[in-house]
Amino acid sequence: MSQLERPSAGQNEVLCLSAGDAQATISLLGGELQSWAVGDRNLLWHGDPRHWESRAPILFPIVGRVRDDQLRLRGKSHPILRHGFAQHSLFEKVAHSKNAAALRLTSSTADTEIPLDFSLDLKVELTPAELRLGFVVKNTGADVLPYALGFHPAFLWPFDGGNLEDYSVWFDRQEVSLSPTITPDGLVGRELRSVPFDATRLPLEPDLFASGALIFLNAASRWMRYEAPSRRSITMSVENFPHLALWTKPTAPFVSLECWTSHGDPEDYWGDIYSKPSMILLKPDEVGTHQVRLLWQ
């Protein structure tokens with residue numbers, strides 16, 4: 001199936017999870033979370049197409065854009081959309097219980113014609129206060145598998161009343177207060193812009209994202225805490241995701257907390273996917289594991 005063709009809505013299935021008074025739903029299309037609520041409080045962005053129709057896409061086998069939307073692999077170029085093809089592919093349901101689900105995407109079922117041999121397994125577990133996601137990428141072919149993985153959930157802003165400017169994102173360590181710019185064609189620019197940290201706290205305001213996402217390459221922090229003026233918060237903790245990012249569209253009522261293993265092509269990079277900075281290269285039968293934990297407090 002061509003990557004530009006999307007599965008029909010009738011092929012999709014949404015799995016429901018519950019634990020205590022927490023509920024979550026996950027779609028087989030893209031393996032994407034559709035909702036996460038604790039009690040009567042919705043936390044996840046609802047995908048309003050007037051702002052952004054996605055909710056929590058999985059980014060694979062690239063993060064961001066590659067130059068000219070062409071993946072250069074073994075001397076050939078292949079068209080690929082921003083953030084890759086997993087978000088447009090139907091995952092297989094491997095297991096489903098009251099509070100957990102296991103999904104799988106493989107090179108034979110993915111919405112792509114790019115010759116990469118892989119399996120991508122996703123396990124989602126819900127507890128009354130947590131949503132845990134585990135990712136396992138395996139090289140199922142005879143050649144080295146290059147890949148990047150990212151998780152891109154968006155949360156309501158505000159999610160607990162109060163003024164937008166009274167919300168903050170806290171980092172567990174001091175980060176460099178400079179972020180790469182994004183070029184007009186979506187690549188990672190050489191220029192840097194200042195990020196107005198107050199120690200490990202970043203006050204949020206819509207103008208902060210007027211020039212695009214804030215990117216923290218090789219971040220020191222392993223968690224970010226998105227906090228309301230009431231001190232209620234959503235914390236994203238990560239394992240084996242070296243890069244972090246924050247993003248929204250100006251005036252949109254959400255903030256996305258992102259974790260990446262790689263990033264878009266640097267603006268001065270013209271090489272293939274194997275030599276691109278920060279890509280993971282798996283030998284045949286080798287696996288890569290990555291984890292995300294979302295905690296409501």
Linking I/L/V/M/F/W/Y whenever their side-chain heavy atoms sit closer than 4.5 Å, directly or via other members, would [X] and [Y] fall into one cluster?
X	Y	result
Met224	Val63	no
Trp52	Leu43	yes
Val66	Leu73	yes
Val195	Leu217	no
Met279	Tyr274	yes

**Report entry** Intermediate values then yes/no, side chain to side chain donor-acceptor pair (under 3.5 Å), Asp172 and Ser221
**Finding:** CA-CA 5 Å; Asp172 76 308; Ser221 298; 3.1 Å; yes
To the nearest 0.5 Å, how far apart are [atom1] in [X] and [atom2] in [Y]?
X	Y	atom1	atom2	answer
Phe85	Leu71	CZ	CG	8.5 Å
His263	Ser278	NE2	OG	5.0 Å
Gln291	Arg132	CD	CZ	10.0 Å
Leu257	His152	CG	NE2	11.0 Å
His88	Leu81	NE2	CG	5.0 Å
Leu244	Asn218	CG	CG	10.0 Å

Side-chain heavy atoms of [X] within contact of [Y], under 4.5 Å:
X	Y	result
Pro206	Leu164	yes
Leu116	Ser107	no
Leu28	Leu15	yes
Asp160	Tyr167	yes
Asp21	Val38	yes
Leu214	Arg193	yes
Phe118	Leu105	yes
Pro79	Asp69	no

Any donor-acceptor pair under 3.5 Å linking the side chain of [X] with the backbone of [Y]?
X	Y	result
Thr183	Gly189	no
Ser27	Leu29	yes
Arg225	Val169	no
Arg222	Phe241	yes
Ser168	Glu227	no
Glu175	Ala220	yes
Gln34	Cys16	no
Tyr269	Leu187	no
Thr248	Phe254	yes
Gln70	Arg67	no

Which pair of non-hydrogen atoms, one from [X] and one from [Y], has the smallest distance, and what is that distance?
X	Y	result
Leu192	Leu178	CD1-CD1, 3.9 Å
Gly30	Ile58	O-CD1, 3.6 Å
Gly162	Pro229	CA-CG, 4.2 Å
Met236	Val238	CG-CG1, 3.8 Å
Glu205	Phe209	O-CD1, 3.9 Å
Gly84	Ile62	N-CG1, 3.5 Å

**Report entry** Verdict with reasoning, Leu122 to Leu133, per side-chain contact (heavy atoms from CB on, under 4.5 Å)
**Finding:** CA-CA 7 Å; Leu122 167 64; Leu133 298 94; 4.1 Å; yes
Query raised in the report: Is it true that atom CD of Glu165 has more than 12 heavy atoms of other residues, nucleotides or ligands lying nearer than 6.0 Å?
Result: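 More than 12 within 6.0 Å, yes.
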Query raised in the report: Within a radius of less than 6.0 Å around CZ of Arg173, do more than 12 heavy atoms belonging to other residues, nucleotides or ligands occur?
Result: no
Report task. Go through the steps for Ile280 and Val137 under the test side-chain contact (heavy atoms from CB on, under 4.5 Å), then give the verdict. Result -> CA-CA 10 Å; Ile280 295 174; Val137 180; over 6 Å; no
Query raised in the report: Under the side-chain contact (heavy atoms from CB on, under 4.5 Å) criterion, do Val124 and Leu131 qualify, and how do the steps go?
Result: CA-CA 7 Å; Val124 182; Leu131 198 54; 4.0 Å; yes
Query raised in the report: Do Lys138 and Asp121 meet the salt-bridge criterion of a basic N to acidic O distance under 4.0 Å?
Result: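 No salt bridge links Asp121 with Lys138.
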**Report entry** Salt bridge flag under 4.0 Å for residues Glu32 and Arg55
**Finding:** no
Once you measure the plane-to-plane angle for [X] and [Y], does it fall in the parallel (<30°), tilted (30-60°) or perpendicular (>60°) bin?
X	Y	value
Phe197	Phe171	perpendicular
Tyr226	Phe155	tilted
Phe135	Phe151	tilted
Phe60	Tyr147	tilted

Query - Intermediate values then yes/no, side-chain contact (heavy atoms from CB on, under 4.5 Å), Glu267 and Arg190 - result: CA-CA 7 Å; Glu267 66 172 316; Arg190 292 186 297 269; 3.6 Å; yes
**Report entry** Test side-chain hydrogen bond (donor to acceptor under 3.5 Å, both in side chains) applied to Asp265 and Arg72, Arg65, Lys276, the passing residue
**Finding:**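 It is Lys276, the one option of Arg72, Arg65, Lys276 that forms the side-chain hydrogen bond (donor to acceptor under 3.5 Å, both in side chains) with Asp265.
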